[in-house]
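What you see is a predicted model, and the numbers here were worked out from it, not measured in a lab. Every chain is numbered from 1, with letters handed out A, B, ... down the list of sequences.
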Amino acid sequence: MPRYWLFKSEPGSYSIDDLERDGRTSWEGVRNFQARNLLRDEIAVGEQVLFYHSSTQPPAVVGPAEVVRAGYPDPTARDPSSRYHDPAATEEDPRWYMVDIAFRERFPNPVPLAVLKETPGLEKMVLTQRSRLSVQPVRPEEFEIVTRLGRGG
DNA sequence: GCCAACGTTGGC
DNA sequence: GCCAACGTTGGC
């Protein structure tokens, strides 16, 4: 049973435009243990991801993407020149993980956070309850509702 | 720019 | 192992 996820990114850092241009990308830089555990252990190839723009006006889900490579060590953790460098990461214990995702679609109608908050069926979304988690699970019915809104229906 | 929420760190 | 201090995220 495939599962669904939501990945947050500040568009100034990496946006849906960047993903569309690149085709695919590695989701580096996640430095939160709960999110790390999802990336390392749970998220599987073929699963769908809602791409969310945070810290922007308005914050919104901007389109779906797809997981094309499952969890593997995030090399930026061991790169001293990276802003994501973590001295605690070693080859034996990489500490931080990432997955690769591919562009699938850009919503004609990005779905703002305010709309998510007032849409029936989305009351329990992790996004509105534990908003700071940058990689989070999405229920199948939530994915369905959000993609319908994003496609304009 | 403010500030609430909350994850992480470190002293004890 | 607790918990206060601190830092970061992210909506507003």
Side-chain angles (χ1 to χ4, degrees), chain A residues 3-22 25-43 47-65 67 70-101 103-139 141-152:
Chain A
R3 285 172 296 176
Y4 300 87
W5 311 97
L6 182 145
F7 287 11
K8 288 194 293 189
S9 182
E10 298 188 19
S13 171
Y14 196 86
S15 71
I16 188 82
D17 300 321
D18 296 319
L19 183 60
E20 181 169 25
R21 181 199 62 220
D22 295 343
T25 193
S26 53
W27 204 256
E28 69 208 29
V30 173
R31 296 293 179 267
N32 166 282
F33 289 107
Q34 208 177 335
R36 186 281 308 270
N37 293 346
L38 296 176
L39 292 169
R40 187 188 58 190
D41 306 329
E42 306 291 338
I43 301 176
E47 294 180 339
Q48 302 293 117
V49 172
L50 294 175
F51 197 114
Y52 177 81
H53 281 175
S54 66
S55 296
T56 187
Q57 195 50 250
V61 177
V62 291
V67 179
Y72 62 106
D74 179 347
T76 65
R78 298 186 56 226
D79 176 0
S81 69
S82 171
R83 58 189 283 233
Y84 301 122
H85 180 237
D86 179 357
T90 64
E91 188 168 8
E92 311 79 61
D93 178 15
R95 194 149 134 123
W96 303 113
Y97 284 76
M98 62 188 188
V99 301
D100 292 355
I101 61 171
F103 178 83
R104 278 295 166 266
E105 182 183 336
R106 175 203 303 270
F107 284 150
N109 295 347
V111 189
L113 178 60
V115 171
L116 298 176
K117 284 180 175 171
E118 66 187 18
T119 299
L122 301 182
E123 298 87 352
K124 292 183 182 168
M125 274 193 89
V126 176
L127 185 66
T128 57
Q129 307 209 327
R130 234 172 265 171
S131 66
R132 290 187 50 192
L133 192 59
S134 65
V135 170
Q136 50 182 256
V138 171
R139 295 172 187 80
E141 59 272 25
E142 294 167 344
F143 184 87
E144 163 71 27
I145 292 169
V146 173
T147 50
R148 181 154 29 87
L149 291 170
R151 287 168 180 157

(message) Using whole Å, what does the distance between atom C1' of nucleotide C:dG10 and atom CD of A:E10 come to?
(response) 8 Å
(message) Can you tell whether the side chains of A:R95 and A:D86 come within less than 4.0 Å, N to carboxylate O?
(response) yes
(request) Could you check how far CZ of A:R31 sits from P of C:dT9, rounded to whole Å? (result) 12 Å
(message) I want to verify a distance call: between C:dG11, B:dT9, B:dC6, whose nearest atom is closest to the A:R95 side chain?
(response) B:dT9
(message) Show, in sequence, the C-alpha distance, side-chain angles and deciding distance for A:Y52 and A:W5, and conclude whether the ring-ring contact (aromatic ring centres under 6.0 Å, His included) test is met.
(response) CA-CA 10 Å; A:Y52 177 81; A:W5 311 97; over 10 Å; no
(message) What is the distance, to the nearest angstrom, from the CZ atom on A:F33 to the C1' atom on C:dG7?
(response) 15 Å
(request) May I ask you to say whether A:D74 pairs ionically with A:R36, meaning some side-chain N is under 4.0 Å from a carboxylate O? (result) no
(request) State which of B:dT8, C:dT8, C:dC12 makes the closest approach to the side chain of A:L113. (result) C:dC12
(message) Heavy atoms from C-beta onward define the side chain here; which of B:dG7, C:dC12, B:dC6 lies closest to that of A:K117?
(response) C:dC12
(request) Could you state the atom-to-atom distance from CZ of A:R132 to C1' of C:dG10 in whole Å? (result) 8 Å
(request) Can you tell me the distance, in whole Å, between the CG atom of A:L116 and the P atom of C:dG10? (result) 15 Å
(message) Distance check needed: B:dG7 P versus A:D86 CG, whole Å only.
(response) 18 Å
(message) Can you tell whether the side chains of A:R151 and A:E105 come within less than 4.0 Å, N to carboxylate O?
(response) yes
(request) Ignoring the backbone of A:N32, work out which of C:dG10, B:dT9, B:dG7 is nearest its side chain. (result) B:dG7
(message) Can you tell me if A:Y52 touches the phosphate of C:dG11, counting only side-chain N or O atoms and a distance under 4.0 Å to OP1 or OP2?
(response) yes
(message) Students often mix this up, so state it plainly: with edges at 30° and 60°, are the rings of A:W27 and A:F7 parallel, tilted or perpendicular?
(response) tilted
(request) Starting from P on B:dT8, measure out to CD on A:Q34 and report it in whole angstrom. (result) 8 Å
(request) Determine: side-chain N/O of A:K8 to OP1/OP2 of C:dT8, distance under 4.0 Å, yes or no. (result) no
(message) In whole Å, I'd like the distance from the CG atom of A:L127 to the C1' atom of C:dG10.
(response) 11 Å
